[in-house]
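Just below is one structure, and these are the notes that go with it.
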Amino acid sequence: MASQNQLFLGTFVHSKALDELEYLHNAAVCVDTSGTIVAVERECDEAKAKETLLPRLGWDVTEVEVVRAKKGQFFFPGFIDTHLHAPQYPNIGIFGKSTLLDWLNTYTFPLEASLSDPARARQVYTRVIRKTLSHGTTCAAYYATIDVPSTNLLADLCLAAGQRALVGRVCMDQYSPDYYRDASPESALADTRESIAHIRRADPSMSLVRPIITPRFAISCSVPLMRQLGQLAAETQLPIQTHISENETEIRTVRELFPPSATGAQDDSYAGLYDAMGLLTHRTVLAHAVHLTEGEAALVAARKAKISHCPCSNSALTSGAARVRWLLDRGIVCGLGTDMSGGFSPSILAAARHAVLVSRHRAMGCYSSSEEGEREKLSVEEVLFLATRGGAEVVGLEKKVGGFEVGMEWDAQLVGLGMVDEEGKVSEQDGGGDVDVFGWQGWEDMVPKWMYNGDDRNTKKVWVKGRLVHERK
Ligand code: GUN
Ligand code: ZN
């Protein structure tokens with residue numbers, strides 16, 4: 001919430017369709033004190049906005065805060081990180097040559113367990129929220145740990161910092177170390193309910209923060225635990241997040257641990273297991289989905305479950321190269337995730353550019369026809385769609401965020417690029433990091449330059465629900 005009505009002026013860029021960005025130049029967007037967009041006006045400079053637009057809204061011009069995008073700046077929807085582990089933030093960049101299962105045991109479980117220390121949890125969670133906001137992430141789907149107080153603290157800190165978030169207490173009652181495991185399905189469920197109740201008390205209307213049911217992944221959850229979490233999701237209508245089909249050893253282990261005879265599943269597939277447990281719903285966010293079979297993709301599509309594509313993580317842990325085009329062609333909604341710290345970067349912009357590169361590696365790889373390879377490539381427009389509108393749909397917020405439309409909420413970032421003057425200089429104050437733009441370059445060049453070379457130096461201001469939550473000084 002902002003204390004004043006706000007008028008944003010300048011260039012606005014957002015996704016119109018999967019492969020199309022819309023550029024609104026010399027435009028005006030009005031945001032009321034609840035953080036809702038109440039007008040989007042093309043060809044409307046400041047004078048016109050003050051003369052006609054604000055009076056039409058019944059707004060007193062003297063009481064409106066005006067925010068102008070300067071030359072080389074534009075407003076862009078906030079990024080949605082559909083998959084990240086808040087407690088793993090201290091480990092980004094630390095994974096050696098490990099792959100998923102040894103990485104979990106060597107690096108991840110010890111760190112997560114250590115966050116039951118409240119002081120450490122506060123330190124790490126405060127920082128991860130600040131860091132992701134500074135990269136333009138206005139909404140994040142967080143995994144916390146198994147510890148209830150620190151999970152609740154994460155939700156409280158998101159609320160206080162103004163970051164939109166889904167926060168999940170991690171459930172895991174088997175195949176993890178003794179020091180970091182739920183004692184039983186019953187205790188996991190009771191702890192999950194406790195955390196859900198806390199988050200609901202903290203934000204009763206779920207205007208910013210909401211709980212999400214979080215079975216870690218099949219290997220670390222018993223059948224009774226998965227079944228009970230499926231029932232809890234049906235009872236509460238809450239979203240679910242988990243991992244699926246990330247790594248081949250993991251998939252093999254799932255097949256060994258959960259034969260259909262023990263689960264009642266139709267087949268021995270990973271997606272089939274989740275479905276039999278009641279975990280594959282239209283509110284389910286499945287991270288990775290690198291090695292899904294045709295049959296599993298059809299099941300995911302039929303259940304309308306969503307996928308979080310985490311290319312930085314998949315490359316870092318050598319998990320594989322997800323087939324995003326193949327998923328999209330099957331009508332599956334996809335967004336992007338950093339998957340910190342499987343992923344090495346807190347930035348969704350980095351995930352977007354890595355998604356482009358992974359798609360190009362697929363195009364170079366396993367195709368007999370170059371036409372098929374060409375189709376595999378994701379464009380700049382497409383990955384920016386995944387980072388905003390796609391991500392919003394993955395977390396069930398597509399009516400609220402992801403674009404600049406009347407009725408949506410103002411979750412946005414002001415992006416600034418380095419405008420090079422005639423002497424070849426860029427002003428210190430407007431510094432654009434690695435993104436230098438020359439006078440003859442148009443918007444269709446500037447946005448790809450930002451996608452490929454941008455970072456938090458370009459993220460000048462960030463708002464969530466109309467509230468300024470980050471400003472780069
Ligand atoms: N599978 C189970 N837990 C994790 C995790 O923390 N990160 C990733 N990338 N995969 C997982
Ligand atoms: Zn993950």
Side-chain angles (χ1 to χ4, degrees), residues 81-96 98-115 124 128 132 140-147 151 154 166-177 180-182 188 212 214-222 225-226 229 240-254 257 270 273-274 279 284-291 306-322 335-346 348 351 354 358 391 394-395:
D81 190 340
T82 58
H83 182 81
L84 77 166
H85 299 260
Q88 297 176 16
Y89 177 61
N91 270 0
I92 55 170
I94 307 175
F95 52 91
S98 61
T99 54
L100 177 63
L101 301 181
D102 57 313
W103 169 78
L104 283 171
N105 284 309
T106 310
Y107 299 95
T108 306
F109 292 149
L111 176 61
E112 288 193 18
S114 76
L115 264 76
V124 172
V128 77
T132 50
Y142 284 117
Y143 286 57
T145 68
I146 68 172
D147 184 60
T151 300
L154 175 60
L166 297 89
V167 176
R169 176 207 170 266
V170 174
C171 296
M172 43 196 284
D173 68 339
Q174 65 172 22
Y175 291 99
S176 38
Y180 189 52
R181 165 194 311 203
D182 288 312
I212 181 163
T214 307
R216 183 172 205 121
F217 68 156
I219 294 178
S220 64
C221 295
S222 65
L225 175 56
M226 284 193 276
L229 292 175
I240 300 168
Q241 59 184 352
T242 189
H243 299 83
I244 194 168
S245 204
E246 178 175 0
N247 155 299
E248 277 165 353
T249 313
E250 171 211 19
I251 296 164
R252 213 174 318 117
T253 309
V254 169
L257 287 177
Y270 209 148
L273 170 66
Y274 283 155
L279 293 171
T284 301
V285 183
L286 298 165
H288 306 301
V290 176
H291 307 282
K306 317 294 194 283
I307 286 176
S308 172
H309 174 45
C310 304
C312 293
S313 169
N314 297 156
S315 296
L317 297 180
T318 44
S319 300
L336 294 177
T338 59
D339 190 28
M340 287 195 283
S341 64
F344 48 81
S345 168
I348 282 292
H354 210 84
V358 165
V394 167
V395 297

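Excluded from the calculations below are hydrogen atoms, water molecules and symmetry mates; all remaining heavy atoms, backbone and side chain alike, are included. In each ligand, atom 1 is the first atom listed, and ligand 1 is the first ligand listed.
At least one N or O atom of Q88 sits closer than 3.5 Å to an N or O atom of ligand 1. Between E112 and ligand 1, a contact under 3.5 Å exists for no N or O pair.
No side-chain donor-acceptor contact under 3.5 Å links S341 and N91. Remark: the Y107 side chain and the S98 side chain contain no N/O donor-acceptor pair separated by less than 3.5 Å. Between the side chains of S319 and H288, no donor-acceptor pair of N or O atoms lies under 3.5 Å.
Taking the six-membered ring where the residue is Trp, Y143 and H85 present tilted rings, their angle falling between 30° and 60°.
Remark: minimum distance from atom 10 (N) of ligand 1 to any protein heavy atom is reached at E246 OE1, 2.7 Å. Nearest to atom 3 (N) of ligand 1 among the protein's heavy atoms is R216 NE, 2.8 Å. Nearest to atom 7 (N) of ligand 1 among the protein's heavy atoms is W103 CZ3, 3.3 Å. Among protein heavy atoms, the minimum distance from atom 9 (N) of ligand 1 is reached at D339 OD2, 2.6 Å.
Interatomic distance, CG of L104 versus CD of E112, reported as 8.0 Å (0.5 Å rounding).
Residue contact check: F217 has heavy atoms under 4.0 Å from atoms 1 (N), 2 (C) of ligand 1.
Results of the side-chain hydrogen bond (donor to acceptor under 3.5 Å, both in side chains) test with Y270 over H291, H243, E250, E246 single out E250 as the only residue that passes. The residue from D147, T151, T145, D182 that alone fulfils the side-chain hydrogen bond (donor to acceptor under 3.5 Å, both in side chains) condition with R169 is D182.
Contact annotation: H288 has at least one heavy atom less than 4.0 Å from an atom of ligand 1.
Y175 OH: 12 or fewer foreign heavy atoms inside a 6.0 Å radius.
When side chains are defined from C-beta on, I219 counts as touching L257, because their heavy atoms get closer than 4.5 Å.
In plain terms, the two heavy atoms of T99 and N247 that are nearest each other are CB-ND2, 4.1 Å.
For L100, every heavy-atom contact with ligand 1 shorter than 4.0 Å involves the side chain, none the backbone.
Of all protein N/O/S atoms, those under 2.8 Å from the Zn ion (ligand 2) are H83 NE2, H85 NE2, H243 NE2, D339 OD1, and waters are not counted.
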